[in-house]
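Heads up: the structure comes next, in structure tokens.
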Amino acid sequence: MNSHDITYETGNGKTQVPAAHTVDLATCKKCHLCAEICPAGIIDVDDEARFLDDRIPLCIRCGQCMAACPTKSIFIEGLSYEKDFFELPQREKSWQKAFYGLIGSRRSIRKFQDRPVPRELLEKIVQAVTFAPPGFTPLTVELTVVNDRELIRRAVPLMAEMYNMLLKMQANPESRAILEKMVGKDTYQVLSDHVLPLMRVRMPALLAGAEDTIARGAPCMILFHAPVHNEDMFIALAYALLAAHSLGLGACAIGLIPPTINRNPELKKMFKIPESNQVSASMVLGYPRYKYSRGIRRRPASLTWIE
Ligand SMILES: Cc1cc2nc3c(=O)[nH]c(=O)nc-3n(C[C@H](O)[C@H](O)[C@H](O)COP(=O)(O)O)c2cc1C
């Protein structure tokens, strides 16, 4: 550690956080792993590891150099070994079997037991999201975990209102043309082929709060939001869906929910979504009511090998 270091409280005691990119040459073993791994090529590979001053602005703070260094000798400004890293378990042969067993047995769950989800399981799902690869750090995904069945139940008729408005627009040729222009041809196709026919049948019961084909009567919901939508949101969602399944919970991505929250300030307020944020993805979850006897085999729309 050098004189640039700053110290701050983490809650578990004091942690050293370097205020600049540095290498502790007293402990560096000159293995050059940091330089090999750095995606931005900002570490010199000659003899001692050394940050190239003019390239430091290219650092994306992915932390890979610190994750790889066997002697904890490399420091990225603002990252601390104590706070931002953890020791990895030994790689085990059983991981492959467990992983394929896990992803092959996951299903989108839409029927739930009347049983609350313990907070510690939801915290584990949040942790899984933090393991997802971000385009850039720090993470842009903001999470809202709603562990309140009653609040979700009250929100569903408000969510349905947006689809009721779309049904009305679709019924009139003039407003249908406006709708098509507004959402684009492809989204309109999905709306008119899949979403609106389902909504048409269910609408009276949805508006009355008598049934829930949107949030599926789930006890919990997780919303993925950010000031600007980006691809990280769906990777985060995928990690959360798999994490829920690994924990014995059932979950389902719900594309119907985000646009309803984004267009309704009341829903944004109910779910404490900052006004300036857009909800990109949502999932509902709880204990699954039913068990499946088999997995489902699907094939990619096309598969090309080039070798
Ligand atoms: C981005 C996305 C949005 C989805 N939106 C909904 C939805 O609004 N309502 C719903 O019931 N299922 C929704 N699903 C779940 C799919 O319908 C589901 O993945 C599909 O039925 C296949 O089932 P499986 O996950 O069990 O393989 C969504 C899935 C994804 C990936």
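Position 1 is the first residue of the sequence, and the numbers go up from there. Note that ligands are numbered from 1 as they come in the structure, with each ligand's atoms numbered from 1 the same way.
The side-chain contact (heavy atoms from CB on, under 4.5 Å) search around P288 returns I109, not counting sequence neighbours. The side-chain contact (heavy atoms from CB on, under 4.5 Å) check on P265 picks up nothing, with sequence neighbours excluded.
Within the structure, salt bridge (Lys or Arg N to Asp or Glu O under 4.0 Å) contacts touching residues 156-175 (residues at least two apart or in different chains) do not occur.
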Need the list: ligand 1 N/O atoms against protein N/O atoms, distance under 3.5 Å, rounded to one decimal.
from	atom 1	to	atom 2	distance (Å)
ligand 1	5 (N)	A253	O	3.2
ligand 1	5 (N)	G255	N	2.7
ligand 1	8 (O)	G255	N	3.1
ligand 1	8 (O)	L256	N	3.2
ligand 1	11 (O)	R110	NE	2.7
ligand 1	11 (O)	R216	NH2	3.1
ligand 1	12 (N)	R110	NH2	3.1
ligand 1	14 (N)	A253	O	3.1
ligand 1	17 (O)	R110	NH2	2.9
ligand 1	19 (O)	S108	OG	3.2
ligand 1	21 (O)	R110	NH2	3.1
ligand 1	25 (O)	R106	NH1	3.0
ligand 1	25 (O)	R106	NH2	3.0
ligand 1	25 (O)	S108	N	3.4
ligand 1	25 (O)	S108	OG	2.5
ligand 1	26 (O)	R107	NE	2.7
ligand 1	26 (O)	R107	NH2	3.4
ligand 1	26 (O)	S108	N	2.8
ligand 1	27 (O)	R107	NH2	2.5
ligand 1	27 (O)	R298	NH1	2.8
ligand 1	27 (O)	R298	NH2	3.0

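Aromatic ring centres of F234 and F224 lie farther apart than the 6.0 Å criterion allows.
Taking the six-membered ring where tryptophan is involved, the planes of H21 and F51 are perpendicular, since the angle between them exceeds 60° and thus also 30°.
Side chains of S280 and H225: a donor-acceptor N/O pair is absent below 3.5 angstrom, by distance only.
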